[in-house]
Engineer: 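The structure follows.
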Amino acid sequence: MSQSDQTPSPFDDVFSANAEYVANFSLNGLQPVAKRGLALVTCMDSRIEPLDMLGLGPGDAKILRNAGARVTDDTLRTLVLAVYLLGVERVLILPHTRCKMASVESDDVVHDVIEEQYGVDTRSLEFKTDNDQLGALKHDLERIRHHPLLPAGLPVTGAIYDVDTGRVDPTGL
């Protein structure tokens, strides 16, 4: 089958961009450890550029992203691996302003919207929405600080990223 006979893929743009990336690839030999000893837990929001905003480069940190920058069981599993096997010595939890996951009162609101608009029942999932963003951040920091498989005294802190200014404000939590 010739190229012109193939149906375009919804991923052609990203695979094409990868071909250009490969032509200029410069990260060969980069080691899998976090060179600066940092694990960053932040949101999946596409307005966040985690390396640039913290003065980091490729290989400097382990970056974990999810909806709302929440510390889930999977986040804890990944942090345990990162601490013991990948050079992580400190953890920064970094949610952001104008986060959709922090703008609703409860998971029920999100479940209802998805069901009403798309006919999909998502109640088997826990989205971890919380409109008390600082309260949620404090809870997540404590989950890490008191996790039995993470080292006592592991430096852990939180900050809020402002998507409108690029500023990272430490919370002091």
Side-chain angles (χ1 to χ4, degrees), residues 1-102 125-128 133 136-137 140-141 143-145 147-171 173:
M1 177 181 288
S2 72
Q3 184 76 358
S4 61
D5 296 333
Q6 293 180 353
T7 304
S9 163
F11 301 98
D12 285 346
D13 61 330
V14 293
F15 293 139
S16 177
N18 177 254
E20 293 179 34
Y21 178 76
V22 167
N24 299 307
F25 188 70
S26 63
L27 301 177
N28 187 24
L30 193 64
Q31 297 301 306
V33 298
K35 287 189 301 193
R36 294 196 32 204
L38 178 68
L40 171 66
V41 179
T42 194
C43 188
M44 66 180 190
D45 192 300
S46 57
R47 297 172 289 182
I48 298 172
E49 293 288 340
L51 295 179
D52 292 342
M53 74 179 178
L54 296 173
L56 302 169
D60 283 346
K62 296 300 173 191
I63 301 171
L64 293 71
R65 297 180 78 149
N66 65 37
R70 297 304 309 273
V71 175
T72 63
D73 289 345
D74 192 56
T75 303
L76 290 167
R77 174 189 70 88
T78 303
L79 287 174
V80 168
L81 292 169
V83 165
Y84 293 111
L85 301 177
L86 299 172
V88 165
E89 300 168 337
R90 57 194 172 136
V91 180
L92 172 60
I93 310 299
L94 191 66
H96 64 92
T97 59
R98 297 196 299 119
C99 181
K100 187 71 169 175
M101 301 307 292
L125 299 175
E126 182 182 5
F127 292 124
K128 294 193 165 289
Q133 192 173 46
L137 177 56
D140 288 348
L141 290 167
R143 284 195 79 192
I144 294 171
R145 290 177 179 139
H147 194 280
L149 299 178
L150 291 170
L154 176 70
V156 180
T157 197
I160 304 289
Y161 175 70
D162 188 321
V163 296
D164 296 314
T165 66
R167 183 180 180 92
V168 173
D169 287 317
T171 61
L173 297 175

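Atoms considered below: every heavy atom in the structure, side chains included; atoms not considered: hydrogens, waters and symmetry mates. The structure presented is a predicted model; accordingly, all values stated were derived computationally and were not measured.
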Engineer: Check Ala159 against Pro170 and note the closest heavy-atom contact, atom names and distance.
Structural biologist: CB-CA, 3.7 Å
Engineer: Carefully, step by step, assess Leu137 and Ile93 under the rule side chain to side chain contact (heavy atoms under 4.5 Å, CB included).
Structural biologist: CA-CA 8 Å; Leu137 177 56; Ile93 310 299; 3.4 Å; yes
Engineer: Could you list the residues that satisfy ring-ring contact (aromatic ring centres under 6.0 Å, His included) with Phe11, not counting sequence neighbours?
Structural biologist: none
Engineer: Quick one: closest heavy-atom pair of Asp164 and Asp162, and the distance?
Structural biologist: N-OD1, 2.7 Å
Engineer: Please tabulate, for the side chains in residues 15-23, all donor-acceptor contacts under 3.5 angstrom to protein atoms that are two or more places apart in sequence or on a different chain.
Structural biologist:
none

Engineer: Considering only residues two or more places apart or on different chains, which pairs with a residue in residues 147-161 satisfy salt bridge (charged side-chain N to carboxylate O under 4.0 Å, His left out)?
Structural biologist: none
Engineer: Distance-only, no hydrogens or angles: does the Arg90 side chain make a donor-acceptor pair with backbone N or O of Leu154 under 3.5 Å?
Structural biologist: no
Engineer: Measuring only between side-chain heavy atoms, which start at C-beta, is Leu79 closer than 4.5 Å to Ile144?
Structural biologist: yes
Engineer: On a heavy-atom basis, which atom in Arg47 and which in Thr97 lie closest, and how many Å separate them?
Structural biologist: NH2-O, 4.3 Å
Engineer: How close do Leu141 and Val156 get, counting heavy atoms only, and between which atoms?
Structural biologist: CD2-CG1, 3.4 Å
Engineer: Sequence neighbours excluded and cut-off under 3.5 Å, please list the side-chain donor-acceptor pairs for residues 49-75, or say none.
Structural biologist:
unit_1 : atom_1 : unit_2 : atom_2 : d
Asp60  : OD2    : Gly57  : N      : 2.7
Lys62  : NZ     : Pro32  : O      : 2.4
Arg65  : NE     : Cys43  : O      : 2.9
Arg65  : NH2    : Cys43  : O      : 3.1
Arg65  : NH2    : Asp45  : O      : 2.8
Arg65  : NH2    : Ile48  : O      : 3.3
Asn66  : OD1    : Ala69  : N      : 3.2
Asn66  : OD1    : Arg70  : N      : 2.9
Asn66  : ND2    : Arg70  : O      : 2.8
Asn66  : ND2    : Thr75  : OG1    : 3.4
Arg70  : NE     : Asp140 : OD2    : 2.6
Arg70  : NH1    : Lys128 : O      : 2.8
Arg70  : NH2    : Asp140 : OD1    : 3.1
Thr72  : OG1    : Asp74  : N      : 3.3
Thr72  : OG1    : Thr75  : N      : 3.1
Thr72  : OG1    : Thr75  : OG1    : 3.0
Asp73  : OD1    : Arg143 : NH2    : 2.7
Asp74  : OD1    : Arg77  : NE     : 2.8
Asp74  : OD1    : Arg77  : NH2    : 2.8
Thr75  : OG1    : Arg70  : O      : 3.4
Thr75  : OG1    : Thr72  : N      : 3.3

Engineer: Mind checking ring-ring contact (aromatic ring centres under 6.0 Å, His included) for Tyr84 and listing every partner two or more places apart, or none if nothing turns up?
Structural biologist: none
Engineer: Looking at Thr42, Thr157, Thr171, which one forms a side-chain contact (heavy atoms from CB on, under 4.5 Å) with Leu94?
Structural biologist: Thr42
Engineer: Among residues two or more places apart or on two chains, list those pairs meeting side-chain hydrogen bond (donor to acceptor under 3.5 Å, both in side chains) that have a residue in residues 29-39.
Structural biologist: none
Engineer: How far does CD of Gln133 sit from CD1 of Ile160, to the nearest 0.5 angstrom?
Structural biologist: 4.0 Å
